[in-house]
Undergrad: 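One structure coming up, written as structure tokens, with questions to follow.
Counting starts at 1 for both ligands and their atoms, following the listed order.
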Amino acid sequence: MTIWNLGSVNADLVYRLPHLPTAGETLAATSHSKGLGGKGANMSVAAVRADAQVEHIGALGADGDWMRERLLSYGVGVSRLTTIGPTSGHAIIMLDEAGENQIVIYPAANRLIEAESIPKALSAAQPGDIALCQNETNAQVEFLSHAGSAGLRVAYAAAPFDVDSVRAALPFLDILILNAVEAQQLEQAIEEALNTLPVADIVVTLGGEGCRWINRAAVTDLTFPAPRVEVVDTTGAGDTFTGYFLAALDAGETTERALDLAQRAGAVMVTRLGTADVIPTRKEVADFFDPA
Ligand code: RIB
């Protein structure tokens, strides 16, 4: 089966800092790097590294050929990644010594996707395939509603959090993935507990504390601990979790096994500095926890 991912592609400009800046403060970075990122691209790469077939839907600017080529070299399908306007999205990622981050994104082409292009982009999708999107592009509702009508299993990662976008997406979702802060923001905004939402499966990532899975049909609300690792950089760990989780579901794994694999992949990812370029392969994840 295939994962169809409507998602952002960013140039990630990463700056390591002694601490995250406060208002009015100027700081000298101790290192700088540029790589492939964007929550969408990270999820596509993660799913491919977990052995899924992925078609990425989105937009780059004229300056983004290197990102298209890099996605392609990683095995992500890019024939639905169009070029719109001069400028691709980018992210400024500030990272402190404990691996925590602050991120500023400039969406540019990521938010110029033509909604009318969505049916064509999904024309080869088959019932049972997975549709995934996040919140760094436009056209999510067109994508989710079209994917749902075509019989795809519809997943949404509610990041970066925006309550109106989540509300608009909710009626179409089979799977909702969000972190603990986003979950709390959503519950406060809608004045309802997560387990009342009309979504078959809700997964809340809890960082080092693991993850929570709410299953509507079984009326279960379970928490799973995460493996303990040394944190270098938390950036992209949630995206890695999501890509791995959906890839495992797509391969027919149970939700419990998919969550276990996703947690291990996310744990390995926080030991690495960078985003899409350093997402671990399935073998690297296995070797990390069971070295020969
Ligand atoms: O989740 C991490 C990602 O957020 C980065 O790759 C950056 O591009 C921003 O989209």
Undergrad: Is it true that R68 and D65 make a salt bridge, defined as a side-chain N closer than 4.0 Å to a carboxylate O?
TA: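 Yes.
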
Undergrad: Tabulation required: pairs of a nitrogen or oxygen in ligand 1 and a protein nitrogen or oxygen under 3.5 Å; columns are atom names and distance to 0.1 Å; otherwise 'none'.
TA:
| unit_1 | atom_1 | unit_2 | atom_2 | d |
| --- | --- | --- | --- | --- |
| ligand 1 | 1 (O) | K39 | NZ | 2.9 |
| ligand 1 | 1 (O) | D239 | OD2 | 2.7 |
| ligand 1 | 4 (O) | K39 | NZ | 3.1 |
| ligand 1 | 6 (O) | D12 | OD1 | 3.4 |
| ligand 1 | 6 (O) | D12 | OD2 | 2.6 |
| ligand 1 | 6 (O) | G38 | N | 3.0 |
| ligand 1 | 6 (O) | N42 | ND2 | 3.0 |
| ligand 1 | 8 (O) | N10 | ND2 | 3.0 |
| ligand 1 | 8 (O) | D12 | OD1 | 2.5 |
| ligand 1 | 8 (O) | G38 | N | 2.9 |
| ligand 1 | 10 (O) | N10 | ND2 | 3.2 |
| ligand 1 | 10 (O) | K39 | N | 3.4 |
| ligand 1 | 10 (O) | E136 | OE1 | 3.0 |
| ligand 1 | 10 (O) | E136 | OE2 | 2.6 |

Undergrad: Has E25 got more than 12 heavy atoms of other residues, nucleotides or ligands less than 6.0 Å from its CD?
TA: yes

Undergrad: Using 4.0 Å as the upper bound for N to carboxylate O, is an ion pair formed by R16 and D233?
TA: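 Here D233 does not pair with R16 in a salt bridge, since their nearest N and O are not under 4.0 Å apart.
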
Undergrad: Answer with yes or no whether the hydrophobic clustering places L36 together with I3; edges join I, L, V, M, F, W, Y residues whose side-chain heavy atoms lie under 4.5 Å apart.
TA: yes

Undergrad: Taking the six-membered ring of Y74 as reference, does the cationic atom of R49 (NZ for Lys, CZ for Arg) lie under 6.0 Å from its centre and within 45° of its axis?
TA: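 The answer is yes; both the distance and angle limits are met.
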
Undergrad: Does OH in Y106 sit with more than 12 non-hydrogen atoms of other residues, nucleotides or ligands closer than 6.0 Å?
TA: no

